[in-house]
Amino acid sequence: SLAPTAVTCFTRGLDLRKEIEDVVCPANCPLWQFYVFGNGVYASLSSICGAAIHSLQGFSDFDFNALRKILVIKEGFLASSVNWLYNIFIHLDFSHYASYHRVDSELCIKNTALESVGRSVSTARPSTGKKPKKPLDKKAGNKDCKADIAFLIDGSYNIGQRRFNLQKNFVGKVAVMLGIGTEGPHVGVVQASEHPKIEFYLKNFTAAKEVLFAIKELGFRGGNSNTGKALKHTAQKFFSLENGARKGIPKIIVVFLDGWPSDDLEEAGIVAREFGVNVFIVSVAKPTTEELGMVQDIGFVDKAVCRNNGFFSYQMPTWFGTTKYVKPLVQKLCSHEQMFCSKTCYNSVNIAFLIDGSSSVGDNNFRLVLEFISNIAKAFEISDIGSKIAAVQFTYDQRTEFSFTEYNTKEEVLSAIRNIRYMSGGTATGDAITFTTRNVFGPVKDGANKNFLFVLTDGQSYDDVRGPAAAAQKAGITVFSVGVAWAPLDDLKDMASEPRESHTFFTREFTGLEQLVPDIIRGICKDFLDSKQ
């Protein structure tokens, strides 16, 4: 009989004090701002209006903004020095909606562990006085986070139906914060249980809204937690070009594990690394001392992850109150420079070509040189987070044709190479090496990619080449020398890195350059792999 209390979109279950209270939710609540924890069973930190709306998402024709009257009965209040326990029952009254006049929905909102003593943080967002950041282009997504991610969720009897739903809620929040889009992260989901099931691939959805709906619709499978079997299957089958994987983009599997696996993860981790996949383990509810005897391998996390350096393992004590763990995990997943297992000789190198433009080369032979370096560049995965190509032409002077930062696609690089114009002049190779070391490699010297310099010349240099080449190598640059026609073999070896024989190439004719391409690419990859040992 009392007048209903008007609440805000952000009023939480724990904000109510009366035993029985009739409340009215406002229209046009911004759904994306709701903090709702749970699915069917909601933590008392949840927005009341948000929890009600969330529970009704199965009614496809329901108008969320028309939601009005909610009867809230709160009982079983318990207070202690550490925890508050609430049982809040929400009854939704739809009697005034003709199409739903017989629908009754009852929810239970429960929170068993508020970590603050007698205080809680409001879910409303206070004004900071600052202008809001420019919103992301939702279609393009977060362009600063380039990753192809498979969420390998736990669907075993270990986790159970209730925690499975909490897990889906957490994965959904991670997906939203990642900034999924056509030019940002792409995600898919695999469920681990008795047998792995790929729920959806990278190619299926490129919008956060679609991914959230797909995650919400996932059904609990049950069975043993054969995580190793699922991890191996995902590494081998999930990241194909046909299924939406992108060249030059880090491949990541985020394994969610409640408790411990029923099978071996070590072999699966090895397979994942062989396929260039970065494995993260998010473990929840680690086995207790009493339970360790039931674990097949207590070191399963360290053996499965990409690197045993702490970066690829993530621990959460429980599936409740996981919101604070979302952002740190997203920051890890977007740190492409840390994705060591995706780094190969094809996507993690900087290659600069130092091209002899002296008069002895001639215009026709110069075109053959450009074709030669184009064929080398074609072998690499060039992108803003992958391999980079630069070119410098020299005579007595030097001209930067393009730097490492100018072009981020293979097509752009190949076009730039075709457009290089022949200079003609003398030959000062030593000065050109010094110029390239300082001006081309200098700006990227602290980057993650391995640096390579190819010196292409057809004759004797008028200056010293040994000193500048030694300085380049001291700066961390691996130098290959490629000589044609009258290039002195001694000069070529003086410029090349150790072992000089494998870093020195020579051909009598410019037409012979093409035959050197496979050996040069193998040389780059061998040096790259040796540097990782």
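The structure displayed is predicted, hence computed values, not measured ones. We use all heavy atoms of the structure for the numbers below, so side chains are in, but hydrogens, waters and symmetry mates are not.
There is no side-chain donor-acceptor pair under 3.5 Å between Glu381 and Ser387. Ser358 and Ser360 share a donor-acceptor pair across their side chains, judged by distance under 3.5 Å alone. A donor-acceptor contact under 3.5 angstrom links the side chains of Ser424 and Ser359, judged on distance only. Checking Asn449 against Asn350 by side-chain atom types alone, a donor-acceptor pair falls below 3.5 Å. A donor-acceptor contact under 3.5 angstrom links the side chains of Asp491 and Gln460, judged on distance only. One side chain, His195 or Lys229, offers a donor N or O that lies under 3.5 Å from an acceptor on the other. Side-chain N/O atoms of Asp463 and Ser461 include a donor and acceptor closer than 3.5 Å.
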List the steps, then state whether side-chain contact (heavy atoms from CB on, under 4.5 Å) holds for Asp258 with Gln167.
-> CA-CA 9 Å; Asp258 189 289; Gln167 176 186 217; over 6 Å; no
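The cationic atom of Lys410 (NZ for Lys, CZ for Arg) does not lie both less than 6.0 Å from the six-membered ring centre of Phe380 and within 45° of the ring axis.
Between Tyr407 and Phe402, the angle of the ring planes goes over 60°, which puts this pair in the perpendicular group of the 30/60° scheme.
A salt bridge between Lys450 and Asp527 is absent, with no side-chain N of the basic residue lying under 4.0 Å from a carboxylate O of the acidic one.
Closest non-hydrogen pair, Phe506 versus Ala485, comes out as CZ-O, 3.3 Å.
Applying the ring pair (Phe, Tyr, Trp, His ring centres under 6.0 Å) test to Phe394 and every residue at least two apart in sequence or in another chain returns nothing. With sequence neighbours excluded, the residues forming a ring pair (Phe, Tyr, Trp, His ring centres under 6.0 Å) with His503 are Phe480, listed by chain and number.
Atom OH of Tyr346 sits in a sparse spot, with 12 or fewer heavy atoms from other residues, nucleotides or ligands closer than 6.0 Å.
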Which pairs of donor and acceptor atoms, one on a side chain in residues 411-418, lie under 3.5 Å apart (sequence neighbours left out)?
residue, atom, partner, partner atom, Å
Glu412, OE1, Asn408, N, 3.0
Glu412, OE1, Thr409, N, 3.4
Glu412, OE1, Thr409, OG1, 3.4

